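Notes follow the structure.
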Amino acid sequence: LSGYFDSLIGKKINPFFREHMPIDINFLAPYPDFFSFIIIIIITVLLASGVKKSTTFNNIFTVVNLVTISIVLVAGGMYADPKNWAIDKEDIPEGVDGGEGGFAPYGFAGIVAGAGEEFPNFAGCIVTLLLATCFYGFVGFDCVATTGEEAINPKRNIPLAIIISLAIILFSYLGVSTVLTMCIPYFAQDPDAPFPHLFDEKGLTVIKWIVSIGAVFALCTSLLGAMFPLPRVLYAMANDGLIYKFMKRVNETTKTPVIATL
C-alpha cells in the first residue's frame with residue numbers, strides 16, 4: 001500500500017525516510033512507515049465501529065477493485081504479447097537475474113516464491129504453497145468463515161460465500177498476472193508497484209492513475225479483510241476460556257468486540 005501511494009506522488013516517501021530515519025536492523029523495515037501506521041489505525045476504528053459500517057466500506061472497495069481489474073484486463077490486454085512467456089535464456093540482458101527463461105524461468109520454486117517466501121528445498125516449497133499461496137493468497141474467505149454468529153442463515157450462506165469468493169479471487173489473480181507478464185518481460189517488472197510501472201512503460205498515464213488509485217483501494221480492502229477475522233477469533237477463544245475473558249466483551253453500542261479489535 002505504501003509502495004503504490006509512494007509511486008503516485010513520485011517516490012518521495014521512501015528516499016526521504018531512508019535518509020532521515022533509517023533503521024539499520026536486518027530483520028526490520030528500512031524506515032518507519034508512518035503512512036501504513038495511520039491506515040491501520042483508521043481501519044481499526046472502522047472495524048470497531050460495527051459490522052454494518054465496515055461491510056459497507058468493504059462493499060464499496062470491492063466494487064472499485066472489480067472495476068480496476070476490468071480496466072487492467074482490457075487496457076493491458078491490448079499490449080499483451082505471448083512472446084514474453086517464451087524468452088530464451090540468451091535473450092536475457094546481461095547483469096539481470098532472469099533464471100532459465102521460458103514460461104517458468106525459476107521453476108516450480110519460483111512460482112511458489114512469487115506468492116510467499118523463498119525456500120531452498122522442495123519440502124519448503126510445499127509448506128509455502130500450503131501456507132502462503134492457499135491461505136494468504138486467498139485471504140478473504142476467513143472473513144466469511146469467522147462471521148457465523150453474525151450471518152443470516154449461516155448453514156447455507158457461509159459455504160456459498162466461500163466458494164463464490166474463492167472463484168472470483170482465482171480468476172482475478174489469473175487474469176491480472178497473465179496480462180502483467182505478457183505485457184512486459186518478467187525481469188523488467190517493478191515488484192513494489194507493478195501496474196503503475198506497466199502503464200508508465202506503455203505511455204498510458206491516465207490508465208496508470210486510475211489503476212494506481214484502484215490498487216490503493218484494493219489494498220485497503222485486503223488490509224480490512226486481514227484485520228476483520230482476528231477479533232472474532234480472539235472473541236471465540238476468550239468465550240471458550242482459552243485466553244483472558246475480557247477479550248470476549250462486546251460493546252453494547254457497536255455490537256463488536258472492541259477490546260479484542262484494539
Side-chain angles (χ1 to χ4, degrees), residues 1-4 6-8 10-11 14-15 18 26-27 29-30 65 68-139 166-205 207-212 214-215 218-219 222:
L1 182 56
S2 287
Y4 266 95
D6 202 11
S7 74
L8 282 174
K11 296 202 173 180
N14 190 315
R18 278 178 182 270
N26 60 1
F27 58 85
N65 293 348
T68 305
I69 288 167
S70 301
I71 291 170
V72 168
L73 294 177
V74 173
M78 293 189 294
Y79 294 90
D81 184 356
K83 289 179 182 176
N84 285 323
W85 278 9
I87 298 171
D88 292 328
K89 190 173 182 179
E90 53 268 23
D91 293 331
I92 298 169
E94 263 188 60
V96 173
D97 179 16
E100 298 301 312
F103 176 71
Y106 306 105
F108 179 73
I111 293 170
V112 177
E117 199 72 38
E118 191 168 352
F119 282 88
N121 54 50
F122 184 74
C125 287
I126 297 301
V127 170
T128 312
L129 181 65
L130 293 172
L131 295 181
T133 312
C134 295
F135 185 80
Y136 181 75
F138 288 87
V139 71
L166 289 177
I168 292 170
I169 293 166
L170 173 65
F171 288 112
S172 299
Y173 269 136
L174 288 174
V176 296
S177 58
T178 297
V179 165
L180 185 63
T181 52
M182 273 194 176
C183 282
I184 53 177
Y186 62 93
F187 50 76
Q189 305 281 347
D190 180 350
D192 293 326
F195 290 109
H197 175 70
L198 164 63
F199 293 114
D200 250 348
E201 288 284 303
K202 300 302 178 185
L204 303 174
T205 309
I207 301 293
K208 170 202 165 181
W209 275 89
I210 293 171
V211 170
S212 297
L219 290 163
S222 181

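Computed from a prediction, not measured in an experiment: that's the story for all the values here. Just so it is clear, the values below take in all heavy atoms, side chains as well, and ignore hydrogens, waters and symmetry mates.
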Heavy-atom closest contact (G99 atom, I92 atom, distance): O-CD1, 4.0 Å
Of all the heavy-atom pairs spanning S177 and T181, show the shortest one and how long it is. O-OG1, 2.7 Å
Trace of the side-chain contact (heavy atoms from CB on, under 4.5 Å) decision for F195 with V176: CA-CA 9 Å; F195 290 109; V176 296; 3.8 Å; yes
In short, F199 meets G76 closest at the heavy-atom pair CE2-N, 4.0 Å
When you measure from the side chain of D190 to the backbone N and O of H197, does any donor-acceptor pair fall under 3.5 Å? no
Identify the heavy atoms of A75 and I207 that sit nearest to each other, and give their distance. CB-CG2, 4.0 Å
Is it the case that more than 12 heavy atoms not belonging to F187 sit under 6.0 Å from its CZ atom? yes
Return the minimal non-hydrogen interatomic distance between P194 and Q189, and the atom names on each side. CB-OE1, 4.5 Å
Results of salt bridge (charged side-chain N to carboxylate O under 4.0 Å, His left out) for E100 - residues two or more places apart only: K89
Let me know which of D81, L198, V72, T178 forms a side chain to side chain contact (heavy atoms under 4.5 Å, CB included) with C183. L198
Would you check if Y79 and L204 make a side-chain contact, meaning some heavy-atom pair closer than 4.5 Å? yes
More than 12 heavy atoms of other residues, nucleotides or ligands under 6.0 Å from CD of E90: yes or no? yes
Among all residues two or more places apart in sequence or in another chain, which pass the salt bridge (charged side-chain N to carboxylate O under 4.0 Å, His left out) test with D91? none
If a pair satisfies ring-ring contact (aromatic ring centres under 6.0 Å, His included) and one of its residues is in residues 80-104, list it, with sequence neighbours excluded. W85-F103
Do you know the tightest heavy-atom contact between N84 and P185? OD1-CG, 3.7 Å
Roughly how far, to the nearest 0.5 Å, is the OG1 atom of T205 from the CD1 atom of I210? 11.0 Å
Atom CG in N65, atom CD1 in I168: separation rounded to 0.5 Å? 11.0 Å
Distance check, rounded to the nearest 0.5 Å: T68 atom OG1 versus L73 atom CG? 10.5 Å
